[in-house]
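In what follows, a structure is listed as structure tokens, so that the remarks can point back to it.
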Protein chains: 2
Amino acid sequence: MTAVETACAPSGSPISGEDAARLAPVFKALGDPVRLRMASMIASRPELCVCEITPAFDLSSGTISHHLKILREAGLVDCERRGTFVYYSIRPAGLRSLSALLDLD
Amino acid sequence: MTAVETACAPSGSPISGEDAARLAPVFKALGDPVRLRMASMIASRPELCVCEITPAFDLSSGTISHHLKILREAGLVDCERRGTFVYYSIRPAGLRSLSALLDLD
DNA sequence: TCCTTGTCTCGATATCTGTCGAATCAGTCT
DNA sequence: AGACTGATTCGACAGATATCGAGACAAGGA
């Protein structure tokens, strides 16, 4: 029995409008199939070069950058440039905020 | 240390395009502040009448219905009509699919 | 049967989003 | 410095989305 199910008994209190406004963009960032798969790819390794992400999708490099930016702004990933290449990695804190909510509501 | 963090070492394999296509709409459903708060309100009780949800938002009843429909179609909530009123409740399975992903990637 | 109340559906509309391609920026190599 | 490659930004546009308000539907009460 997961915490989610435990919570489906009378359970905890609903989140505030402010918390909703803060957390919704994070869910939204994962609410696109391309970004969800990107995030999953990045999370499956210590870090991942954009040049490894791009060929996994049938999309222009402009579009790839756009999606990565949304993941970044949602606090889900970090990036670091080393030379010509840019490497993305997962930000555990971003995922934790979602996980915490799902395990409590 | 959460499973998420554990996973941020070399960790599990990325999800498939099909899984991404299946799960993204669920994240997307929670990716709107209004719906996230609605879902949270519904989850915080065994069930909740639409007539209790509506006044919590400064939105028309048409818009409220629209958002509830999206939560329903994402498999996150169930509804049942009793007399004039419609009661919404959380579907644990919907939340579990998200939770499982977050704890593994 | 009609009226009222709660909920949903539909049509219209303004805004947001995903995508491309071109231009730009950042680094490396010659 | 100039050329090349990887990545981001920008401008444009088609399609999706959130919202409203009006109408339809459902159930109960006068």
Side-chain angles (χ1 to χ4, degrees), chain A residues 17 20-42 45 47-91, chain B residues 17-18 20-42 45 47-90:
Chain A
R22 190 171 46 80
L23 285 169
V26 189
F27 280 104
K28 191 178 205 170
L30 295 178
D32 177 281
V34 170
R35 288 194 295 267
L36 185 55
R37 208 166 123 238
M38 275 181 181
S40 175
M41 288 173 64
I42 294 168
R45 299 234 219 139
E47 64 179 12
L48 198 56
C49 177
V50 174
C51 66
E52 295 182 85
I53 298 172
T54 303
F57 300 88
D58 195 19
L59 293 171
S60 73
S61 70
T63 300
I64 299 287
S65 271
H66 165 69
H67 285 304
L68 287 171
K69 182 180 189 179
I70 289 177
L71 290 174
R72 242 184 297 140
E73 291 176 345
L76 286 166
V77 300
D78 257 335
C79 69
E80 181 195 348
R81 166 160 234 137
R82 286 205 300 278
T84 312
F85 302 95
V86 177
Y87 297 87
Y88 279 77
S89 53
I90 272 287
R91 277 175 51 112
Chain B
E18 293 76 32
R22 189 170 47 79
L23 285 169
V26 189
F27 280 104
K28 192 177 205 171
L30 295 177
D32 178 281
V34 170
R35 289 194 295 267
L36 184 55
R37 210 166 121 236
M38 276 181 180
S40 175
M41 288 172 64
I42 295 168
R45 299 235 219 139
E47 64 180 11
L48 198 56
C49 176
V50 174
C51 65
E52 295 183 85
I53 298 172
T54 302
F57 299 89
D58 195 18
L59 293 171
S60 73
S61 71
T63 300
I64 298 287
S65 272
H66 165 70
H67 285 303
L68 287 171
K69 181 180 188 179
I70 289 178
L71 290 175
R72 243 184 297 141
E73 290 175 346
L76 286 165
V77 301
D78 257 334
C79 69
E80 180 195 348
R81 168 161 234 136
R82 286 205 300 280
T84 313
F85 302 93
V86 177
Y87 296 87
Y88 279 77
S89 54
I90 272 286

message: Nearest whole Å is fine: how far is C/dG6 P from B/Leu48 CG?
response: 15 Å
query: Looking for any heavy atom pair under 4.0 Å, which part of the strands does A/Gly83 touch: base, sugar-phosphate only, or nothing?
result: sugar-phosphate
query: Is there a side-chain contact between A/Cys79 and A/Tyr87, using heavy atoms and a 4.5 Å cut-off?
result: no
message: So if I take every side-chain heavy atom of A/Thr63 and compare against C/dG18, D/dA18, C/dC20, which nucleotide ends up nearest?
response: C/dC20
- prompt: Atom CD of B/Glu73 and atom P of C/dT9: how far apart are they, to the nearest Å?
  reply: 9 Å
query: To the nearest angstrom, how far is B/Leu68 atom CG from C/dT7 atom C1'?
result: 10 Å
task: Could you tell me the separation between the NZ atom of B/Lys28 and the C1' atom of C/dG18, rounded to a whole number of Å?
output: 10 Å
task: With the side chain of B/Cys51 defined as its heavy atoms from C-beta on, choose the nearest nucleotide among C/dG6, D/dT9, D/dG6.
output: C/dG6
message: Measuring from the side chain of A/Arg35 (C-beta onward, heavy atoms only), which nucleotide among C/dG18, D/dA7, D/dA18 has the closest atom?
response: C/dG18
message: Quick check: do A/Met38 and A/Val77 have side-chain heavy atoms less than 4.5 Å from each other?
response: no
task: Describe the nucleic acid contact of A/Tyr88 in one word from base, sugar-phosphate, nothing, applying a heavy-atom distance below 4.0 Å.
output: sugar-phosphate
- request: Report yes if some heavy atom in the side chain of A/Ile90 is under 4.5 Å from a heavy atom in the side chain of A/Asp78; otherwise report no.
  value: no
- line: Between CD1 of B/Ile64 and P of D/dG21 the distance, given in whole Å, is 13 Å
message: Nearest to the side chain of B/Arg72, heavy atoms from C-beta on, is which of D/dA18, C/dG18, C/dC8?
response: C/dC8
- request: Would you classify A/Ile70 as touching base, sugar-phosphate or nothing, given that sugar-phosphate means primed atoms plus P, OP1 and OP2, and contacts are heavy atoms under 4.0 Å?
  value: sugar-phosphate
task: Report the residue (A/Asp32 or A/Arg81) whose heavy-atom-nearest nucleotide on DNA chain C is the more 5′ of the two.
output: A/Asp32
message: Does A/His66 reach a base, just sugar-phosphate, or nothing at all? Heavy atoms under 4.0 Å.
response: base
task: Would you mind telling me which residue lines up with the more 5' stretch of DNA chain C, A/Thr84 or A/Asp58, judged by nearest nucleotide?
output: A/Asp58
query: salt bridge (Lys or Arg N to Asp or Glu O under 4.0 Å) with A/Glu47: which of A/Arg91, A/Arg81, A/Arg82?
result: A/Arg82
message: Between A/Glu52 and A/Met41, is there a side-chain heavy-atom distance shorter than 4.5 Å?
response: no
- prompt: Whole-Å distance between D/dC4 P and A/Phe85 CZ?
  reply: 17 Å
message: Using whole Å, what does the distance between atom C1' of nucleotide D/dA7 and atom CD of A/Glu52 come to?
response: 15 Å
task: Starting from P on C/dC8, measure out to NE2 on B/His67 and report it in whole angstrom.
output: 13 Å
